[in-house]
Amino acid sequence: MPFGDTLHAANALIVGANQGIGLGFVRQLLSDQRYSRIYATYRTPERAEALFALQKEQPERLHCLPLDLTDEAQIEGAIATLSTLTPQLHLVLSCVGLLHEGDLQPEKSLRQLNADQLLRYFQVNSIGGALLAKQCLPLLKHSAPSVLAAISAKIGSIGDNQLGGWYGYRASKAALNMLFRTAAVEYSRKSPKTILALLHPGTTDTQLSQPFQRGVPPEKLFPVERTVAQLMAVIEKLESTDSGEFFSWDGSRLPW
């Protein structure tokens with residue numbers, strides 16, 4: 001049975017919900033009455049004004065939590081707090097990602113590789129998602145179907161890599177894919193009703209993609225609302241046999 005057909009009085013956790021796709025998911029779920037409570041995380045309060053505004057509009061349904069996904073102690077603390085608020089989660093979405101920040105920019109050649117920069121990519125794009133999968137297991141392990149999904153990227157597909165470049169971002173997303181694929185095997189034993197999925201959103205008009213939008217055809221640059229609607233359609237069609245798979249925004253499977 002597709003995951004979307006099982007939704008009723010569901011609880012969701014959106015990690016990285018203060019902007020971009022994460023904030024879009026919060027808005028989408030608040031408009032969906034099948035979700036009773038939405039828990040949303042932010043890293044710094046000064047960049048979460050839009051999220052806090054939504055919480056003021058629907059305080060009974062939206063609960064906001066501080067969380068830096070690169071700090072496992074904070075992940076553990078946030079999940080401990082969630083455990084006091086709800087006995088189970090039905091949907092967990094990790095929307096945290098890093099492509100550029102300050103002097104950190106995608107590498108165009110081997111000459112630009114830097115160990116600290118590579119570590120930063122892996123810390124944000126790979127390790128955080130794996131630690132989230134580790135800490136969320138108790139809240140996803142219950143009698144109802146549940147989904148744990150992470151925003152990945154087609155550029156992290158090894159089989160699809162024809163252009164090269166962007167070493168750190170590509171490699172960190174490929175690592176995220178492997179970590180989730182491996183976690184799906186363990187979840188199949190410990191929480192068999194949980195589906196793990198990796199999602200490619202397409203090029204979305206967010207701060208992450210803005211410096212690199214010049215060559216993107218208008219029809220392939222998605223507004224956040226479209227991206228979220230497309231990804232929710234993919235999520236709702238997921239079945240148990242899909243766990244550990246890598247999906248594009250249109251529902252097609254991507255090569256590893």
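Note that the coordinates shown come from a computational prediction; the quantities given were computed from them, not determined experimentally.
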Thr204 side chain to Pro223 backbone, donor-acceptor under 3.5 Å: no
Hphob cluster co-occupancy, Leu132 + Leu85, side-chain heavy atoms under 4.5 angstrom: yes
Check: Leu54 and Val26 side chains under 4.5 Å, non-hydrogen atoms: yes
Partner set under ring pair (Phe, Tyr, Trp, His ring centres under 6.0 Å) for Tyr35, not counting sequence neighbours: none
Closest non-hydrogen atom pair, Val124 against Gly97: CG1-C, 4.1 Å
Ile158 atom CD1, neighbour heavy-atom count above 12 within 6.0 Å: no
Under 3.5 Å donor-acceptor, Thr194 side chain and Val147 backbone: no
Residues clustered with Tyr167, ILVMFWY side-chain links under 4.5 angstrom: Leu110, Leu113, Leu118
Considering all heavy atoms, the nearest Leu51-Ala17 contact: CD1-O, 3.8 Å
Inter- and intrachain pairs under side-chain hydrogen bond (donor to acceptor under 3.5 Å, both in side chains), touching residues 21-33, at least two apart: Asp32-Arg34
Side-chain (Ser152) to main-chain (Asn177) donor-acceptor, under 3.5 angstrom: no
Shortest non-hydrogen contact from Asp250 toward Ser252: OD1-OG, 2.7 Å
Nearest heavy atoms of Ser191 and Leu137, plus distance in Å: CB-CD1, 3.7 Å
Residue pairs passing the salt bridge (charged side-chain N to carboxylate O under 4.0 Å, His left out) test where at least one lies in residues 50-68, sequence neighbours excluded: none
For the student: nearest non-hydrogen atoms of Leu99 and Pro106, plus distance: CD1-CG, 3.5 Å
Shared hydrophobic cluster for Leu238 and Val228 (ILVMFWY, side-chain gaps under 4.5 Å): yes
Tyr187 side chain to Ala133 backbone, donor-acceptor under 3.5 Å: yes
Heavy-atom side-chain contact between Ser94 and Leu69 under 4.5 Å: yes
Linked, directly or transitively: Tyr169 and Leu179 (ILVMFWY side chains, under 4.5 Å): no
CG-CD1 distance between Leu231 and Ile21, expressed to the nearest 0.5 angstrom: 6.5 Å
Contact list for residues 170-194, test salt bridge (charged side-chain N to carboxylate O under 4.0 Å, His left out), sequence neighbours left out: Arg181-Glu245, Glu186-Lys190
Euclidean distance, Arg47 CZ relative to Asn18 CG, rounded to 0.5 Å: 6.5 Å
Min side-chain heavy-atom separation Ile38-Gln58 under 4.5 Å: no
For residues 4-16, please give each side-chain donor-acceptor pair under 3.5 Å, one per line with the distance, not counting sequence neighbours.
from, atom 1, to, atom 2, distance (Å)
Thr6, OG1, Phe3, O, 2.7
Asn11, ND2, Thr86, OG1, 2.9
Asn11, ND2, Gln88, O, 3.0

Parallel, tilted or perpendicular: rings of Trp249 and Phe222 (30°, 60°): perpendicular
Over 12 foreign heavy atoms within 6.0 Å of CE, Met178: no
Least distance between heavy atoms, Ser157 atom then Pro255 atom: OG-O, 2.7 Å
Any donor-acceptor pair under 3.5 Å from Asn125 side chain to Leu98 backbone: yes
Nearest-0.5 Å distance that lies between atom OG in Ser146 and atom CG in Leu91: 9.0 Å
Whether Ser243 side chain and Ser240 backbone form a donor-acceptor pair below 3.5 Å: no
Listed partners of Ala175 passing side-chain contact (heavy atoms from CB on, under 4.5 Å), at least two apart: Phe122, Ser126
Pairs satisfying ring pair (Phe, Tyr, Trp, His ring centres under 6.0 Å), at least one member in residues 130-165, at least two apart: His90-His142
Sequence neighbours excluded, every pair satisfying salt bridge (charged side-chain N to carboxylate O under 4.0 Å, His left out) that has a member inside residues 100-113: Glu101-Arg120
Qualifying salt bridge (charged side-chain N to carboxylate O under 4.0 Å, His left out) pairs, either residue in residues 151-166, two or more places apart: none
Contacts of type side-chain contact (heavy atoms from CB on, under 4.5 Å), residue Ser83, not counting sequence neighbours: Ile79, Leu139
Validation row: Cys95, Phe25 side chains within 4.5 angstrom (heavy atoms): yes
More than 12 heavy atoms of other groups within 6.0 Å of Glu76 CD: no
Min side-chain heavy-atom separation Leu67-Ile75 under 4.5 Å: yes
Any Leu65 side-chain heavy atom under 4.5 Å of Leu82 side chain: yes
Minimum side-chain heavy-atom gap Ile235-Leu199 below 4.5 Å: yes
Salt-bridge contact Arg253-Asp242 (side-chain N to carboxylate O under 4.0 Å): yes
Gln112 and Gln105 side chains, donor-acceptor separation under 3.5 Å: no
Cluster overlap Ile151 with Val224, hydrophobic side-chain contacts below 4.5 Å: yes
Qualifying residues under ring pair (Phe, Tyr, Trp, His ring centres under 6.0 Å), relative to Phe180, sequence neighbours excluded: none
